[in-house]
Amino acid sequence: MNLKFCILFSFFVRNVIARGGYRSTSLSSAADLGFENESYAGSGRHLIEENQSHHPRTDIARGYMTNSELERAVKEFGRRCSHISRIYSIGESVRGFPLWVIEISDKPGREEPEPAFKFIGNVHGDEPVGRELLLLLANWICDNYKRDPLVDLIVDKVHLHILPSMNPDGFSFRRRGNANNVDLNRDFPDQFFPWNNNEDARQPETKAIMSWLREMCFTASASLHGGALVANYPWDASLDKRKNYYACPDDGTFRFLASIYSKSHYNMSLSKEFEGGITNGAAWYPVYGGMQDWNYIYGGCFELTLEISDNKWPNAKELPTIWEYNKMSMLNLVASLVKEFMEGSFLQTVEGHCLG
């Protein structure tokens, strides 16, 4: 395992060299997957949602991008904002839909001693707000680069990776699980119970995320969910399965990051259910096999689980408001990685290594 200079976030050595330039069999470039071509019409890659007759509840998705529309939006972003981005895929869903990622940086695809952050949306198929907000975020950053100091800080000092949809098949079926009806946020290795430690038996979407973290060092991360309004942090569970606060070694740092999101939000910090709009996962309800704890343990990545709308699938007319409520939270969370580094308060350069 090669040692590299990385940035230490909080009090423990963490892996943060932004390795956006790596190409491997597990991380296919957009060109390798036909980036220059039109969408997947006629190629067998369209998902069931394209045939609305299969879905009596199709109206719930009215106003949301279909998977093919999302793909076109990602590709169009790559063309329009090529000066600060690159598009690549980390794998495919069960039904063969590419898991497209947008990288935003002033030097996309190049390895630099800068923190890397990733956003992941649509982990659960029936929680699609995140995929919409992440495209809005990417376009807002592109439109405001060299116009807004906060955006300049993010583009120039961070490698931001955005996966709008981890579960496009679940979105197509309008359900929580993927095409095999597996909850992807229960499909990762668990620190307490080894029942799901056979990687070959995992879902392709889960394996794609795991391979992604083996190829790139991420300082921090956030997945976007729906059904509540709170910023959730590790640990997500405990050995005794009880609903009690179970702190991880970096509890203070996680509370700090969660609070940045909550306090920057329009009303998350005003929650009457969660003090300050943040919660320890195990204190809320235990989750085993979750992506958040796996990122922290095995990837050295500080991941939050962000519940960004009370309604899992709100009317699309509400999306502009939800975007405005969350915009500064998303920007401030990413920018916090370099703000503290530049001020020298608790970030320092040390020797570390990536997940091997």
Side-chain angles (χ1 to χ4, degrees), residues 47 49 55 57-74 77 93 97 99-102 117-141 160-178 183-185 205 221-232 258 261-262 264-271 273-274 277-279 284 290-292 303-334:
L47 301 184
E49 112 268 347
H55 292 282
R57 298 179 62 225
T58 297
D59 281 351
I60 196 174
R62 181 176 297 168
Y64 285 82
M65 289 180 286
T66 65
N67 285 325
S68 57
E69 288 169 343
L70 176 66
E71 180 180 66
R72 285 195 294 270
V74 169
F77 176 88
S93 67
F97 200 89
L99 303 178
W100 293 112
V101 175
I102 298 170
F117 189 100
K118 61 180 166 66
F119 274 120
I120 298 178
N122 204 196
V123 178
H124 293 134
D126 60 351
E127 298 172 15
V129 173
R131 57 194 263 150
E132 299 282 339
L133 263 58
L134 289 176
L135 259 297
L136 289 169
L137 175 67
N139 281 284
W140 199 88
I141 290 174
L160 174 60
H161 298 254
I162 297 173
L163 171 61
S165 181
M166 178 182 169
N167 188 4
D169 297 353
F171 174 83
S172 173
F173 284 107
R174 317 288 191 260
R175 71 185 183 200
R176 182 180 180 89
N178 68 352
D183 186 334
L184 299 178
N185 203 35
E205 299 90 345
S221 174
S223 63
L224 306 185
H225 296 255
L229 199 62
V230 66
N232 181 99
Y261 198 91
S262 177
S264 301
H265 190 276
Y266 178 78
N267 59 358
M268 185 180 287
S269 65
L270 304 178
S271 173
E273 181 180 1
F274 305 103
I278 67 175
T279 186
W284 185 14
M291 183 167 66
Q292 175 181 267
E303 176 156 300
L304 300 176
T305 301
L306 303 174
E307 302 281 351
I308 58 174
S309 63
D310 288 315
N311 189 340
K312 283 177 175 286
W313 205 314
N315 190 295
K317 293 179 181 179
E318 299 178 35
L319 289 173
T321 300
I322 297 173
W323 159 241
E324 288 300 325
Y325 284 6
N326 285 275
K327 178 174 68 177
M328 290 311 302
S329 294
M330 299 168 80
L331 292 168
N332 283 336
L333 180 60
V334 178

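Heavy-atom basis, side chains included; hydrogens, waters and symmetry copies ignored. Count residues from 1 along the sequence.
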(message) Enumerate the side-chain hydrogen bond (donor to acceptor under 3.5 Å, both in side chains) contacts for residues 309-318, please, sequence neighbours excluded, ordered by first and then second residue.
(response) E127-K312
(message) Check whether S329 reaches the backbone of Y261 with its side chain - one donor and one acceptor, N or O, closer than 3.5 Å.
(response) yes
(request) Kindly indicate whether the side chain of F173, heavy atoms from C-beta on, has any atom under 4.5 Å from the side chain of N178. (result) no
(message) Just so I know, are the side chains of R72 and V74 near enough to count as touching, which here means a heavy-atom distance under 4.5 Å?
(response) no
(request) Specify the closest pair of heavy atoms between L99 and S165, including all atoms of both residues, with the distance to one decimal. (result) CD2-O, 3.8 Å
(message) With a 4.5 Å cut-off on side-chain heavy atoms, are W323 and M330 touching?
(response) yes
(message) If you compare all heavy atoms of G277 against all heavy atoms of S262, which two are closest, and at what distance to 0.1 Å?
(response) CA-OG, 3.4 Å
(request) Measure the CG-OG distance between N122 and S223 for me, rounded to the nearest 0.5 Å. (result) 11.5 Å
(request) Could you walk me through whether S271 and L229 pass the side-chain contact (heavy atoms from CB on, under 4.5 Å) test, one step at a time? (result) CA-CA 8 Å; S271 173; L229 199 62; over 6 Å; no
(message) I want to check something: taking the side chain as every heavy atom from C-beta on, are F117 and L333 in contact at a cut-off of under 4.5 Å?
(response) yes
(request) Would you give the length of the straight line joining atom OG of S221 to atom CD of Q292, rounded to the nearest 0.5 angstrom? (result) 9.5 Å
(request) Would you please classify the geometry between the F274 ring and the W284 ring as parallel, tilted or perpendicular, with 30° and 60° separating the classes? (result) perpendicular
(request) Would you kindly check if the NZ (Lys) or CZ (Arg) of R174 is within the cone defined by 45 degrees around the ring axis of F171 and under 6.0 Å from the six-membered ring centre? (result) yes
(request) Would you give the length of the straight line joining atom CG of L136 to atom CG of N326, rounded to the nearest 0.5 angstrom? (result) 11.0 Å
(message) Testing the basics here: between R131 and M65, what is the closest heavy-atom pair and its distance to 0.1 Å?
(response) NH2-O, 3.1 Å
(message) If I compare all heavy atoms of P164 with all of L135, which pair ends up nearest, and what's the gap?
(response) CG-CD2, 3.5 Å
(request) Supply the atom-to-atom distance K118 NZ to L163 CG, rounded to the nearest 0.5 angstrom. (result) 9.0 Å
(message) Working note: T321 + L319, criterion side-chain contact (heavy atoms from CB on, under 4.5 Å); need CA distance, chi angles, decisive distance, verdict.
(response) CA-CA 5 Å; T321 300; L319 289 173; over 6 Å; no
(request) Kindly give the heavy-atom pair with the smallest separation between S93 and P168, and that separation in Å. (result) CB-CG, 3.9 Å
(request) Report yes or no: does D183 contribute a side-chain atom to a donor-acceptor pair with the main-chain N or O of R176 at less than 3.5 Å? (result) no
(request) Measure the CD-OH distance between E324 and Y266 for me, rounded to the nearest 0.5 Å. (result) 11.5 Å
(message) Ignoring hydrogens, what is the shortest heavy-atom contact between Y64 and E132? Give both atom names and the distance.
(response) CA-OE2, 3.3 Å
(request) Measure the shortest side-chain to side-chain distance between V129 and L224 over non-hydrogen atoms and say whether it is less than 4.5 angstrom. (result) no
(request) Test H225 against N232 for side-chain contact (heavy atoms from CB on, under 4.5 Å), laying out the working first. (result) CA-CA 10 Å; H225 296 255; N232 181 99; over 6 Å; no
(message) Applying the side-chain contact (heavy atoms from CB on, under 4.5 Å) criterion to I141, which one of V334, I162, L331 satisfies it?
(response) L331
(request) Nearest 0.5 Å please: distance from the CD1 atom of I120 over to the CG atom of L306. (result) 11.5 Å
